[in-house]
Amino acid sequence: MERSVIIAGFGGQGVILAGKILAQAAMNHGLEVTWLPSYGPEMRGGTANCTVVMANETVGSPIVDEPTSLIAMNLPSLDKFEQMVAKGGTIIVNSSLVNREVARNDLNVIKLPLNDLGAKVGNMRAINMIALGGYVKATGVVPLEVVKETMAQMLEKGGKGKFVPLNAKALDEGYNAAH
Amino acid sequence: MERSVIIAGFGGQGVILAGKILAQAAMNHGLEVTWLPSYGPEMRGGTANCTVVMANETVGSPIVDEPTSLIAMNLPSLDKFEQMVAKGGTIIVNSSLVNREVARNDLNVIKLPLNDLGAKVGNMRAINMIALGGYVKATGVVPLEVVKETMAQMLEKGGKGKFVPLNAKALDEGYNAAH
Amino acid sequence: MPTDLDSMVKVFSRPKSLTEARSTYCPGCQHGILTRIIGQTIDELNIAERTLIIAPVGCSVFAYLWYRCDAVQVAHGRASAVATGIKRADPNLVVLSYQGDGDFASIGTAESIHAANRGENITVIFVNNQVYGMTGGEMAPTTLIGQKTTTTPSGRDAAMFGYPIRFSEMIAQLDAPVYVTRQALYDTKRIMDATKAIKKAFTNQVEGKGYSLVEVLATCPTNWHMKPVDASRHVVDVVTKVYPLGDLVDRG
Amino acid sequence: MPTDLDSMVKVFSRPKSLTEARSTYCPGCQHGILTRIIGQTIDELNIAERTLIIAPVGCSVFAYLWYRCDAVQVAHGRASAVATGIKRADPNLVVLSYQGDGDFASIGTAESIHAANRGENITVIFVNNQVYGMTGGEMAPTTLIGQKTTTTPSGRDAAMFGYPIRFSEMIAQLDAPVYVTRQALYDTKRIMDATKAIKKAFTNQVEGKGYSLVEVLATCPTNWHMKPVDASRHVVDVVTKVYPLGDLVDRG
Amino acid sequence: MPRGMVVIDKERCKGCGLCIAACPQKVLAYSGQLNHSGYNVVHTEHPEACVGCTFCALTCPDIAIEVYREKVAA
Amino acid sequence: MPRGMVVIDKERCKGCGLCIAACPQKVLAYSGQLNHSGYNVVHTEHPEACVGCTFCALTCPDIAIEVYREKVAA
Amino acid sequence: MGEKVLLRGNEVIAEAAIRAGCQCYFAYPITPQAELLEHMAVNMPRLGRTFVQAESELGAINMVYGAASVGVRTMTSSSSPGISLKQEGISYLAGSSLPAVIVNVVRGGPGLGDIAPSQCDYFQATKGGGHGDYHMIVLGPSTVPEAGTLTMLAFDLADKYRTPVMILADGMLGQMMEPVDLPDPIDVASLPKKAWATTGAKGRDPNIILSFDLDPEVLKRMNLELQRRYREIEKNEVRYEEVETGDADIVIAAYGTTARIAKTVIRMARAEGIKLGLFRPITLWPFPYAPLKKLSERVSTVLTVEMSAGQMWEDVRLAVAERAETPFYGEMGGVVPTPRGILREVKKYAH
Amino acid sequence: MGEKVLLRGNEVIAEAAIRAGCQCYFAYPITPQAELLEHMAVNMPRLGRTFVQAESELGAINMVYGAASVGVRTMTSSSSPGISLKQEGISYLAGSSLPAVIVNVVRGGPGLGDIAPSQCDYFQATKGGGHGDYHMIVLGPSTVPEAGTLTMLAFDLADKYRTPVMILADGMLGQMMEPVDLPDPIDVASLPKKAWATTGAKGRDPNIILSFDLDPEVLKRMNLELQRRYREIEKNEVRYEEVETGDADIVIAAYGTTARIAKTVIRMARAEGIKLGLFRPITLWPFPYAPLKKLSERVSTVLTVEMSAGQMWEDVRLAVAERAETPFYGEMGGVVPTPRGILREVKKYAH
Ligand SMILES: Cc1ncc(C[n+]2csc(CCOP(=O)(O)OP(=O)(O)O)c2C)c(N)n1
Ligand SMILES: Cc1ncc(C[n+]2csc(CCOP(=O)(O)OP(=O)(O)O)c2C)c(N)n1
Ligand code: SF4
Ligand code: SF4
Ligand code: SF4
Ligand code: SF4
């Protein structure tokens with residue numbers, strides 16, 4: 001069984017970190033995993049994305065042409081990746097910035113007003129964790145607790161321990177907001 | 001029919017020019033011809049040599065492992081090339097500088113005291129033409145007159161016309177000295 | 001808006017020699033200011049039809065997109081050599097070799113110095129932002145002592161990495177260059193000075209005078225990890241102390 | 001011979017750190033004098049066992065044959081980079097980067113300047129004979145205006161080929177070098193001065209002081225088409241006018 | 001009527017803030033609005049104060065600003 | 001007895017003549033003899049004039065010269 | 001270490017080099033191998049080892065030449081255009097028999113190209129992008145963990161055969177993260193001493209490092225010695241992997257990232273009843289001609305898949321020698337073939 | 001001009017370039033191609049054309065890049081190590097579709113090697129010594145007159161296909177003199193204008209010269225266009241020579257200087273009753289696979305002879321595909337095989 005997600009958004013929205021935390025959490029949870037970023041100048045000012053593949057057996061291709069999920073933090077990301085998502089897959093949409101509906105009707109679409117929820121948890125930098133919380137709820141690929149623990153370990157290792165409570169709250173917020 | 005000669009000596013002895021004049025003369029005489037110098041640092045201060053191949057048909061290899069002749073203007077040249085000369089071939093030796101006999105007895109050996117003859121024609125720089133004159137006499141590969149004319153044309157073209165009489169004399173001297 | 005456009009005249013607009021393409025630079029990156037100054041200069045000298053832009057490797061790799069001029073994108077560091085080839089092939093062209101500090105003063109050291117020494121009749125703009133922007137913020141030859149970059153994580157240490165190089169001062173030692181100057185962009189006055197310098201560097205070429213080099217101290221807010229306004233301040237307070245502004249050679 | 005060897009003492013002989021190999025230089029080539037001076041310096045400092053000779057590409061490509069020292073033959077122009085690698089790998093070694101003017105100041109420009117700028121603790125001897133010796137007398141970056149070479153058959157013309165480059169003056173602009181000097185070999189006094197300078201350059205390295213550069217004006221009788229004695233005269237009369245002798249940096 | 005006027009191209013603006021700092025009249029400020037690239041763009045908070053000095057435009061790296069000035073009676 | 005003496009290695013000498021010019025005592029001159037490499041080598045034409053100053057040896061690019069000097073009585 | 005960590009390919013190569021005892025690292029920045037440089041910048045000085053950001057790729061490879069001369073383990077890394085600039089230096093390393101490791105994190109080409117993953121430098125790496133008759137050992141890792149183990153191996157092979165060894169990776173392998181068990185660091189002190197190294201002529205005759213002799217006969221002998229060593233490497237060091245080739249009718253020949261993707265394709269194909277296998281060269285030079293030849297005797301088709309216009313394809317055809325069909329499927333310019341795209345090609349040859 | 005003159009190969013290449021309308025020549029000195037530089041130094045300024053002695057080979061190839069961008073005919077020349085330094089630039093020329101001529105007067109390698117003739121840069125020239133999927137047209141002259149005609153051709157092909165073209169000569173060909181009929185100079189004014197050249201955007205949209213695009217899909221399209229052109233060149237431009245192959249049992253495959261020597265060997269062998277022929281590729285890229293394949297169907301042995309460890313040999317084996325024996329005889333390090341030496345090898349396969 002192989003699950004894959006593309007997380008995409010503006011440069012500053014923290015998609016790379018969200019992917020890293022997910023990948024690390026999946027690994028801690030005993031899955032095989034690959035994490036692949038978009039890289040180089042395309043990131044600068046523009047958009048960024050990364051792909052996480054999680055599986056029970058060795059991961060073949062870390063590039064996926066049919067991701068099982070998409071987290072679209074802005075409109076360009078939805079435009080770019082919507083068509084690729086596998087039938088029956090999941091899309092998390094940042095409805096604060098995306099002013100259109102998802103066109104496909106064979107997907108599980110979860111709209112989260114990330115910017116509003118960000119304001120609610122008190123920091124716009126945490127919207128990536130809100131989205132990730134929503135993704136975890138919708139797909140169940142890794143338990144929320146494992147993601148939380150992993151996030152805490154990683155931030156602490158990077159000397160950013162003080163942001164753990166905020167991000168934990170954001171994960172919960174997204175988890176709860178996803179239907 | 002293919003004739004080939006290696007002309008070898010010290011850097012300042014004019015072997016490269018002698019070869020060029022012979023090659024040009026042979027070409028003017030209607031033969032196919034190649035001229036190949038030793039080149040690079042080995043020339044500097046040390047020894048120099050060149051190989052001229054003359055033939056009725058297209059010349060195959062411009063490098064010869066069995067030259068039909070050798071002009072050895074000094075001892076190192078004789079040491080280096082004596083064994084290569086084809087059976088029945090010709091060696092012109094500068095007996096002024098070479099204080100040993102040619103070891104092989106299957107060759108036509110012509111000893112010319114080039115330095116003494118050079119003193120005789122009045123210029124040590126002309127010893128290459130003396131040697132060439134001897135070679136022409138011994139092998140008959142190109143008529144002496146053609147060599148003389150060619151030499152004159154080449155020196156004149158190079159702005160050294162005033163040396164033509166000296167070099168003509170030197171060619172004669174070598175021609176006459178060769179038995 | 002309360003104003004009446006008819007009663008107004010446009011006093012500042014996009015230079016005509018620039019295309020409509022949006023810049024690929026980060027917010028606040030001063031490479032962008034240079035784009036505008038160069039466009040304006042090309043307009044003023046009316047040379048768009050014979051100007052060749054050399055787009056280097058670096059954040060300005062896309063320079064060919066921004067000018068209504070022919071352009072050549074070249075290998076990292078070799079812009080001055082390519083400029084030589086172009087100018088020798090067609091001396092009537094006006095050639096701008098636009099280069100970052102990594103490009104001009106590190107990998108391109110030999111090409112930069114020898115084009116200057118030959119006195120090629122070209123204009124070189126050398127953007128000194130003390131960092132490799134494009135590749136993510138590594139040390140440049142111009143990086144200041146103590147400055148943190150991804151390859152000098154504890155700050156540039158002279159014993160290990162050497163000193164910030166004043167490349168224009170080296171070029172100024174040569175006999176050929178007609179104009180070598182160092183400019184900055186940290187405020188309106190400096191921007192106007194730099195504009196004058198760049199115009200002069202182009203004019204020298206148009207008049208056949210020879211090699212002109214305009215070094216420009218610029219910011220890289222992204223890799224300095226500073227807000228653009230703070231980055232400008234940093235140029236005033238710190239950078240100009242190591243790289244003093246002004247003309248080094250003027251034989252025009 | 002009428003003299004009695006027993007009543008004499010040897011006051012001048014082949015330095016011990018030199019091998020018996022004969023030099024491959026042309027008659028009268030001053031590269032040979034430098035070989036002797038370097039050998040003598042190695043003897044005096046007693047460092048043969050830890051000296052590494054870098055043999056460049058050029059007429060001194062055979063330098064590895066002449067010293068009883070380990071040696072590394074390197075690519076054309078890259079001697080200063082190789083010296084960097086060696087010295088960083090083993091700082092206890094004494095590294096001599098011996099380079100011709102084509103090697104050091106043309107193809108090797110970037111490596112030469114950046115090794116100097118990093119202040120690598122090495123000794124560089126840069127032999128300025130204003131010509132490419134090894135390849136048969138082409139123009140060097142140091143070739144004088146009007147000088148005929150095989151690639152400047154009508155004499156070096158500044159408009160086409162640029163100016164003779166004073167590379168040591170450029171290096172002297174950098175912050176790191178501890179010693180930069182220009183010496184010559186045209187008479188006994190100059191030979192003794194050069195000997196002192198070279199000893200100082202080695203001593204700096206042994207004492208861990210940093211980068212030392214000794215530029216030496218040398219003759220190339222072969223490609224100058226001059227008798228060796230006339231070539232020395234030419235250095236006095238002409239070459240030193242363009243390349244003045246003396247110390248440019250001395251932070252030792 | 002103000003002596004000058006600036007027009008900001010919202011899609012070119014990257015919200016760097018250099019123009020805000022360059023304006024001697026404090027005409028400009030962040031608008032709080034994101035453009036399509038996600039940047040918080042600048043707007044003329046105090047248009048009435050503008051003198052058309054062009055300082056903002058000179059400093060804008062994205063050439064997002066056009067400047068108009070009052071016609072001087074001929 | 002002369003104050004100095006030079007010994008020239010004939011096979012190393014390339015006949016460049018630098019030593020002849022360097023000798024303040026005019027001790028050295030071309031010998032007219034060619035060595036095995038074909039060079040006209042230098043010899044001591046006036047050995048008696050030699051003061052052992054080493055100038056010739058300092059200038060010889062081929063390190064072909066050794067110099068001796070009279071022993072000074074201890 | 002035993003502990004699994006999630007790391008980028010670039011970081012794993014850097015860390016493996018450190019654990020293999022790399023004492024001196026010299027490089028010039030370039031995407032997509034920036035993290036390799038950064039990892040070294042942080043960690044080499046910390047360990048008292050040498051990190052120099054060179055003025056250029058030419059500077060870097062020649063610094064490597066210097067450090068290798070002295071006998072220490074040394075490495076440089078770059079990506080395609082930067083590797084082109086190192087070709088003269090690589091030829092010198094080979095000619096002078098100096099051990100060194102060179103990492104190429106390949107990107108799309110030619111020219112400036114792009115920074116996306118590619119395999120378009122295979123020819124340059126395996127046939128000799130520099131001048132002269134030389135070879136490097138070229139290792140093509142397919143996963144992040146393998147990038148680590150092959151980097152360790154690279155240092156050993158370099159020393160054993162006194163030769164430059166290249167790690168031929170690509171942008172994807174460099175950028176992606178994967179769980180990896182980092183290998184234990186070796187004991188540098190236990191490495192055999194290099195008697196030929198130029199460490200100072202103390203108590204022995206001088207050692208000389210050089211790649212030339214003006215006498216062709218001597219240079220020929222030097223070349224014959226290189227060739228002798230190459231034959232030895234060909235005999236001892238060929239490495240490859242076969243996946244489900246036992247009953248295969250069609251075999252994909254692929255290396256590196258492409259081979260990894262091919263493994264997914266095998267699952268997909270077998271699910272559809274196509275007997276697909278994989279032949280994966282691990283040493284790209286020496287290429288595993290003999291095993292592929294053998295395999296080609298019992299399959300109908302060897303489909304070469306590369307992120308290139310068909311470079312390894314030539315070696316495949318040399319091995320197969322028309323015994324089987326040898327079609328090619330390639331993507332270029334940084335486009336990575338997808339499992340579905342490869343499967344589509346496979347189906348053309350399935351009957 | 002009808003009149004036969006005795007000239008060195010280096011001079012003939014230089015003079016042919018001038019007659020082909022080469023407007024700009026940039027190079028850095030190196031043996032054994034010094035005379036080429038010297039001929040240009042004397043004659044280009046005399047004709048009001050550009051001669052620049054560059055600061056290095058990197059400088060030279062990038063000056064060529066500049067001049068080619070502007071649309072003039074341009075050339076550089078060097079020898080092995082210098083050509084290695086040009087690899088990045090050559091890849092850029094190919095990537096940017098710029099026409100230019102590059103001369104390699106090959107010497108013994110690897111590393112500094114020596115200055116004697118060699119053919120050890122065949123791989124570099126034909127497979128791509130630089131990075132990325134590109135090819136140059138590579139022409140291998142065998143005699144001094146042919147060096148002239150192929151140099152003229154090189155400029156035409158470069159323009160026709162917008163590609164770099166290499167003349168792959170060797171030290172012997174460069175240094176030797178042979179009688180030659182110099183070709184008439186072309187009329188430069190009659191050459192077709194290059195609409196793509198960056199001559200100033202006057203009355204048209206800007207022209208852009210570039211070798212990159214950060215979008216892999218676009219870079220792929222650029223690569224596909226290159227590959228399309230390569231297929232066209234393969235279709236149109238394959239050149240080779242067959243000598244006495246009609247009844248041959250053994251065929252020597254050789255190019256350049258080695259092929260010339262082989263012609264002497266044919267005479268010697270036939271005198272001894274051995275049916276020997278020669279297959280001589282003139283275009284080394286595109287290699288004449290099809291004609292050699294055809295030939296291999298009716299001979300017992302194709303003996304490849306090179307001044308290398310066996311580089312063109314790979315292409316020969318690709319073409320022959322085990323249809324005939326494919327032994328190899330090579331000399332290295334600047335040693336030139338002698339007619340007798342080759343004959344000795346031939347006899348091993350004669351029955
Ligand atoms: C031969 C080569 N080496 C390295 C690179 C990678 N590279 C791209 S841009 C760059 C440096 C850019 O820095 P700079 O010239 O200072 O310009 P900036 O981006 O700061 O404007 C480097 C090293 C390359 N493309 N080619
Ligand atoms: C990459 C490369 N380019 C060119 C050459 C040819 N080459 C050999 S020595 C030399 C120049 C030597 O001149 P210089 O450095 O001044 O030393 P000199 O011989 O005058 O002592 C050149 C260009 C080479 N060997 N390698
Ligand atoms: S990285 Fe720096 S130099 Fe590059 S565009 Fe961004 S701010 Fe400008
Ligand atoms: S060519 Fe010149 S530099 Fe070289 S050895 Fe001869 S005299 Fe000396
Ligand atoms: S300077 Fe330009 S880009 Fe920056 S905030 Fe002002 S208008 Fe926007
Ligand atoms: S200086 Fe030396 S080489 Fe020159 S002539 Fe005197 S002894 Fe001979």
Side-chain angles (χ1 to χ4, degrees), chain B residues 1-4 6-7 16-44 46 48-68 83-84 86-87 142 146-147 150-151 153-154 157-158, chain H residues 3-10 30-35 79 105 107-108 112-117 142-146 170-180 243 254 257-269 278 305 307 331 334-344:
Chain B
M1 224 276 310
E2 199 171 278
R3 309 279 200 106
S4 48
I6 294 179
I7 313 179
I16 297 290
L17 181 64
K20 281 187 183 174
I21 290 173
L22 175 61
Q24 181 76 47
M27 180 186 125
N28 292 352
H29 191 53
L31 296 173
E32 293 291 333
V33 60
T34 63
W35 170 92
L36 182 72
S38 65
Y39 56 90
E42 59 175 301
M43 290 168 62
R44 189 181 312 141
N49 71 74
C50 67
T51 304
V52 180
V53 184
M54 296 151 287
N56 300 333
E57 52 196 335
T58 315
V59 175
S61 174
I63 276 201
V64 290
D65 37 15
E66 270 198 309
T68 54
Q83 290 310 319
M84 287 171 61
K87 255 182 216 160
V142 190
V146 176
V147 178
T150 305
M151 176 274 294
Q153 281 163 9
M154 285 174 69
K157 223 175 124 194
Chain H
E3 194 211 348
K4 256 211 166 113
V5 285
L6 191 64
L7 283 176
R8 285 190 198 233
N10 282 332
I30 189 168
T31 312
Q33 60 90 56
E35 299 79 11
S79 177
V105 183
R107 55 192 239 177
L112 184 52
D114 61 17
I115 55 177
S142 186
T143 65
V144 171
E146 194 185 29
D170 65 64
M172 185 151 110
L173 201 59
Q175 291 297 321
M176 69 183 283
M177 295 207 298
E178 211 174 357
V180 47
V243 180
T257 284
T258 320
R260 154 175 220 146
I261 299 171
K263 288 184 186 173
T264 299
V265 180
I266 292 179
R267 270 182 244 155
M268 293 161 71
L278 169 70
V305 182
M307 297 191 285
E331 288 291 353
V335 175
V336 179
T338 62
R340 278 192 295 178
I342 299 175
L343 184 62
R344 203 178 314 121

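Note that the structure is a prediction, hence the values are computed from the model and not measured. Letters A, B, ... are given to chains in the order of the sequence lines, protein chains preceding strands, and every chain is numbered from 1. What's counted below: heavy atoms across the whole structure, side chains too, no hydrogens, waters or symmetry copies.
Only the backbone of H/Val5 comes within less than 4.5 Å of a heavy atom of chain B; no side-chain atom from C-beta onward does. Heavy-atom distances place both the backbone and the side chain of H/Pro117 under 4.5 Å from chain B.
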Worksheet entry | Test side chain to side chain contact (heavy atoms under 4.5 Å, CB included) applied to H/Glu178 and B/Trp35, step by step | CA-CA 7 Å; H/Glu178 211 174 357; B/Trp35 170 92; over 6 Å; no
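Residues satisfying the side-chain hydrogen bond (donor to acceptor under 3.5 Å, both in side chains) criterion with B/Lys20, sequence neighbours excluded, are absent altogether.
In this structure, the side chains of H/Met177 and B/Pro37 stay at 4.5 Å or more apart for every pair of heavy atoms.
With rounding to the nearest 0.5 Å, the separation of CD in B/Glu66 from CZ in H/Arg340 is 4.0 Å. In this structure, the separation between CE on H/Met176 and SG on B/Cys50 is 12.5 Å, given to the nearest 0.5 Å. Rounded to the nearest 0.5 Å, atoms CG (H/Leu6) and CE (B/Met27) are 6.0 Å apart. In this structure, H/Thr264 OG1 and B/Glu2 CD are separated by 6.0 Å, a value rounded to the nearest 0.5 Å.
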I'd like a table of donor-acceptor pairs (distance under 3.5 Å, sequence neighbours excluded) in which one partner is a side-chain atom from residues 54-61 of chain B, with atom names and distances.
residue : atom : partner : partner atom : Å
B/Ser61 : OG   : B/Ile63 : N            : 3.2
B/Ser61 : OG   : B/Ile63 : O            : 2.6

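Contact between B/Thr34 and H/Arg260 at its shortest, heavy atoms only, is CG2-NH2, 3.5 Å.
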